[in-house]
Amino acid sequence: MRTHTEAIPYEVHRDDGFVASDDPARIDLDVVHGYLSRSYWSAGIPRETVERAARNSLVFGLYSPGGQAGYARVVTDRASFAYLCDVFVLEPYQGRGLGQWLMEALLAHPDLQGLRRFLLATRDAHSLYSRCGFQPLGVPASFMERHDPDVYVRNREEGAKGKER
């Protein structure tokens, strides 16, 4: 089964030259890793983890005429479920409505239509996501998680110990 992204890249263009695209070949992983490794949700994330996550997800780049300006990643089966993560707009481009626009482009993607559940987690962008139709969990007690916030630090330390041997 071929998905939309395997055929032709999905792109949305803005009048001011910005483009949102699901073409993984356009993603600048140096930019993505640079931002994510200092974000509150994935501080210290190894580049290899960013690469593997991007490879196994539906990724969206936000591009200015000068290069990558933002990013979003969706973990999905493209049928019933999606989880939105790693959304950012680089600081020089913030305050222009690009985050909202990127979300609108992402939510219009053909592979993300008809989903039963679309989740995300945020510490500080509730107003952005609520404008896009997201709302607090209806029954939070029905959701569970396994959360390991120190996994990147621990893996780095274990890797360093292995090299000492």
Side-chain angles (χ1 to χ4, degrees), residues 3-137 143 145 147 149 152:
T3 64
H4 174 79
T5 54
E6 292 172 319
I8 300 169
Y10 168 80
E11 289 190 351
V12 179
H13 297 260
R14 225 168 88 142
D15 291 341
D16 57 2
F18 284 89
V19 176
S21 173
D22 74 347
D23 184 353
R26 290 187 70 178
I27 299 293
D28 184 336
L29 286 171
D30 289 333
V31 170
V32 174
H33 177 251
Y35 190 93
L36 293 180
S37 65
R38 60 184 170 82
S39 70
Y40 74 81
W41 64 88
S42 60
I45 189 170
R47 182 182 165 94
E48 302 78 36
T49 302
V50 172
E51 290 173 15
R52 190 172 67 222
R55 206 172 34 250
N56 291 298
S57 301
L58 178 57
V59 292
F60 293 84
L62 171 65
Y63 304 96
S64 75
Q68 189 153 350
Y71 179 79
R73 183 168 68 89
V74 180
V75 180
T76 183
D77 61 9
R78 292 180 161 104
S80 64
F81 176 80
Y83 179 75
L84 175 66
C85 50
D86 297 340
V87 179
F88 68 83
V89 174
L90 294 173
E91 290 84 354
Y93 300 100
Q94 293 177 3
R96 303 183 197 186
L98 291 166
Q100 177 81 34
W101 183 76
L102 176 59
M103 285 302 305
E104 290 167 3
L106 181 152
L107 291 169
H109 191 283
D111 289 352
L112 300 177
Q113 304 309 302
L115 301 176
R116 183 162 189 243
R117 188 172 312 270
F118 204 142
L119 296 174
L120 65 84
T122 185
R123 182 173 78 184
D124 56 5
H126 294 81
S127 64
L128 166 67
Y129 297 119
S130 67
R131 289 191 303 270
C132 297
F134 289 89
Q135 53 191 298
L137 292 173
F143 287 82
E145 70 176 350
H147 186 225
Y152 306 137

What distance separates Leu62 CG from Leu90 CG, expressed to the nearest 0.5 Å?
8.5 Å

Val75 and Ser57 have their tightest heavy-atom pair at CG2-OG, 3.8 Å

Whether the side chain of Gln100 engages the backbone of Tyr129 through a donor-acceptor N/O pair (distance < 3.5 Å, no angle test) should be reported.
no

Test of understanding: with salt bridge (charged side-chain N to carboxylate O under 4.0 Å, His left out), list the residues that count as partners of Arg14, not counting sequence neighbours.
Asp16

Looking at residues at least two apart in the chain, or sitting in another chain, which of them share a side-chain contact (heavy atoms from CB on, under 4.5 Å) with Thr49?
Ile45, Pro46, Tyr152

How many angstroms lie between atom NE2 of His33 and atom CD1 of Ile27, to the nearest 0.5 angstrom?
15.0 Å

Can you tell if the side chain of Leu112 reaches within under 4.5 Å of the side chain of Thr76, non-hydrogen atoms only?
yes

Out of curiosity, Ser21 OG to His109 NE2, how far, rounded to the nearest 0.5 Å?
8.5 Å

Just how far is it from atom OH of Tyr71 to atom OH of Tyr35, taken to the nearest 0.5 Å?
13.5 Å

Would you list the atom pairs, donor with acceptor, under 3.5 Å between side chains in residues 81-89 and any protein atom, with sequence neighbours excluded?
unit_1 : atom_1 : unit_2 : atom_2 : d
Asp86  : OD1    : Trp41  : NE1    : 2.9
Asp86  : OD2    : Arg73  : NE     : 2.9
Asp86  : OD2    : Arg73  : NH2    : 3.1

Can you give each donor-acceptor pair under 3.5 Å made by side-chain atoms of residues 121-128, sequence neighbours left out, with the distance rounded to 0.1 Å?
unit_1 : atom_1 : unit_2 : atom_2 : d
Thr122 : OG1    : Asp124 : N      : 3.3
Thr122 : OG1    : Ala125 : N      : 3.0

With a 3.5 Å distance limit and no angle check, can you tell me whether Tyr63 reaches the backbone of Arg26 through a side-chain donor-acceptor pair?
yes

Salt bridge Arg131-Glu104, side-chain N to carboxylate O under 4.0 Å
no

Any side-chain heavy atom of Leu115 sitting closer than 4.5 Å to one from Ser80?
no

Residues passing the side-chain contact (heavy atoms from CB on, under 4.5 Å) test with Arg52, sequence neighbours excluded, are Arg55, Asn56

Ignoring hydrogens and angles, tell me if any N or O in the side chain of Ser42 forms a donor-acceptor pair with the backbone of Leu36 under 3.5 Å.
yes

For Ser130, check side-chain hydrogen bond (donor to acceptor under 3.5 Å, both in side chains) against everything at least two apart and list the hits.
none

Please list all pairs passing the ring pair (Phe, Tyr, Trp, His ring centres under 6.0 Å) test where one or both residues lie in residues 89-108, with sequence neighbours left out.
Phe18-Tyr93

Ring pair (Phe, Tyr, Trp, His ring centres under 6.0 Å) against Phe118, all qualifying residues, sequence neighbours excluded:
Phe134

Can you list the residues that meet the side-chain contact (heavy atoms from CB on, under 4.5 Å) rule with Asp28, with sequence neighbours excluded?
Asp30, Val31, Gln68

Results of salt bridge (charged side-chain N to carboxylate O under 4.0 Å, His left out) for Glu145 - residues two or more places apart only:
none

Do Leu137 and Leu119 make a side-chain contact, defined as non-hydrogen atoms from C-beta onward lying under 4.5 Å apart?
yes

With sequence neighbours left out, the residues meeting salt bridge (charged side-chain N to carboxylate O under 4.0 Å, His left out) with Arg38 are Glu91

Salt bridge (charged side-chain N to carboxylate O under 4.0 Å, His left out) partners for Glu51, two or more places apart
Arg47

Counting C-beta onward and ignoring hydrogens, is there a side-chain heavy-atom pair between Val59 and Asp22 closer than 4.5 Å?
no

